[in-house]
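Computed from a predicted structure; not experimentally measured. Just so we're on the same page: letters track the sequence lines, and every chain starts at 1.
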2 protein chains.
Amino acid sequence: MNKKNRTLQKPTKERIFDESLDLFSKKGYEAVSVREIAREVGIRESSIYNHYKNKEAILDAIIDYFKIELATSGTPQEDNEALIDQGPEVFFEVGAKTYIDRINTPKMEKIWRLVSIETYHNEKIKRFFKKELLEEPIRGWEEIFNLMIEKNLIKPVNPRTLAYEYFSFVIYLFFEYFILEYDEDFESFMDLALEKMTNHTEFLLQAIKV
Amino acid sequence: MNKKNRTLQKPTKERIFDESLDLFSKKGYEAVSVREIAREVGIRESSIYNHYKNKEAILDAIIDYFKIELATSGTPQEDNEALIDQGPEVFFEVGAKTYIDRINTPKMEKIWRLVSIETYHNEKIKRFFKKELLEEPIRGWEEIFNLMIEKNLIKPVNPRTLAYEYFSFVIYLFFEYFILEYDEDFESFMDLALEKMTNHTEFLLQAIKV
DNA sequence: GTCTATACTTCGATAGAC
DNA sequence: GTCTATCGAAGTATAGAC
């Protein structure tokens, strides 16, 4: 490849990252060989090791990227306080937007899929999922519902119960999409998922409104 | 091994089944080798092939066993009709009992775990999960809620929405247990899960009671 | 039905030339 | 930084003796 073409292309390390993510998210980490990654990138497998220590290091890089992207997305904690006074409707809307924003690029969508399918047997991913994608959001929503109750915006139901009521449905939708229907059409799934989520929040709202 | 000991022992085919299930549910299908199964059973790997055509045939046998066990458990359809008149409380109780019954033996618990972790990348298991463990129950619960509305036992909320409200939480609990917390203590998880499920059904009940 | 022996394949990873 | 060449380990599966 001449110099001109090379300057037009992404660096090899980034191409390894992208192709690995593509393959991992489609087939699972174990089912993808280093040879296969190399073939897709267009280099020999031994050249991979000039960029990453081993296969696992590629996975680690992907997870690190995911953590950083998640950390810089979503609503800042301080804004929550101001939003709460506007009532639960606004909050559910912002909440839904936050989750959608987090899968809004093809890259992030692939990593979500990868995290979903590898959680069960990669200890690092599992701990990350439990802590950052389950316990932390539940805790956050509990706090939000608690404040709403204090401000008399909703009925005084146990805020932890409400957090589970709201968030278990989100987890369910993620499960449905990334585990069971990932191959199918994204657009039509998303339409249906949004409709389900709307029904869910409307039901919840109806149940707790003062 | 002499004849007396052999008669006291399970047939080799059953021991292959049991050890395979044990290993698959702990480590995942791909991560278990035929050699490893053979070692646990106490025979050579080549002897496995006298009982099962190949590794995949063992998995198929496990899934078949699971299907049969599921089909013969649970509440018969006809009984539903009679139960509905007793109101939603009774139904939620029976529903919870049904799901618990289905993981009530160590063998069934292991298969649940196996199905949960292999769904993402075994096409047969995925189709089975989607159809029998998700769509069919949702459809069943929709029908139940629909009848309750007709009999004026609950508020006239969209029965499909109610089915999702109820059942997405069940899926969530299964996900939490089999994917995220399987290693941990079953008893203490079960206590917490039952408490969560009780909170959930109480909340739902409160929201839809006439 | 179990054994030994082995064929055959694929994997991750390294050494060293260029 | 990429290549050729190759290693050792591990995998599934089969043939044939007992």
Looking at every strand, decide which applies to S47(B) at a 4.0 Å heavy-atom threshold: base, sugar-phosphate, or nothing.
base
Salt bridge present between E132(B) and R127(B) (N-O < 4.0 angstrom)
no
I43(A) or V34(B): which one's nearest nucleotide on DNA chain D is closer to the 5' end?
I43(A)
Between P of dC11(C) and NZ of K55(A), the distance in whole Å:
9 Å
Send over the distance from E45(B) CD to dG11(D) P, rounded to a whole Å.
10 Å
If the plane angle is over 60° it's perpendicular, under 30° parallel, otherwise tilted; pick one for H200(A) and Y166(A).
tilted
Give the nucleotide from the list dC3(D), dT14(D), dA13(C) with an atom nearest to the side chain of R44(A).
dC3(D)
Is W112(B) reaching over with its side chain to a backbone N or O of K107(B), donor-acceptor style, under 3.5 angstrom?
no
Once you apply a heavy-atom cut-off of 4.0 Å, does V41(A) come out as touching a base, just sugar-phosphate, or nothing?
nothing
Short side-chain N/O contact to dT10(C) OP1/OP2 from R35(A), under 4.0 Å:
no
Working note: W141(A) + L162(A), criterion side chain to side chain contact (heavy atoms under 4.5 Å, CB included); need CA distance, chi angles, decisive distance, verdict.
CA-CA 8 Å; W141(A) 279 98; L162(A) 291 180; over 6 Å; no
Both A31(A) and K53(A) contact DNA chain C. Taking the nearest nucleotide for each, which residue is further toward the 5' end?
A31(A)
Sugar-phosphate only, base, or nothing, as touched by S46(A) at under 4.0 Å among non-hydrogen atoms:
base
Grab the CD1-P distance between I16(A) and dG12(C) for me, whole Å please.
14 Å
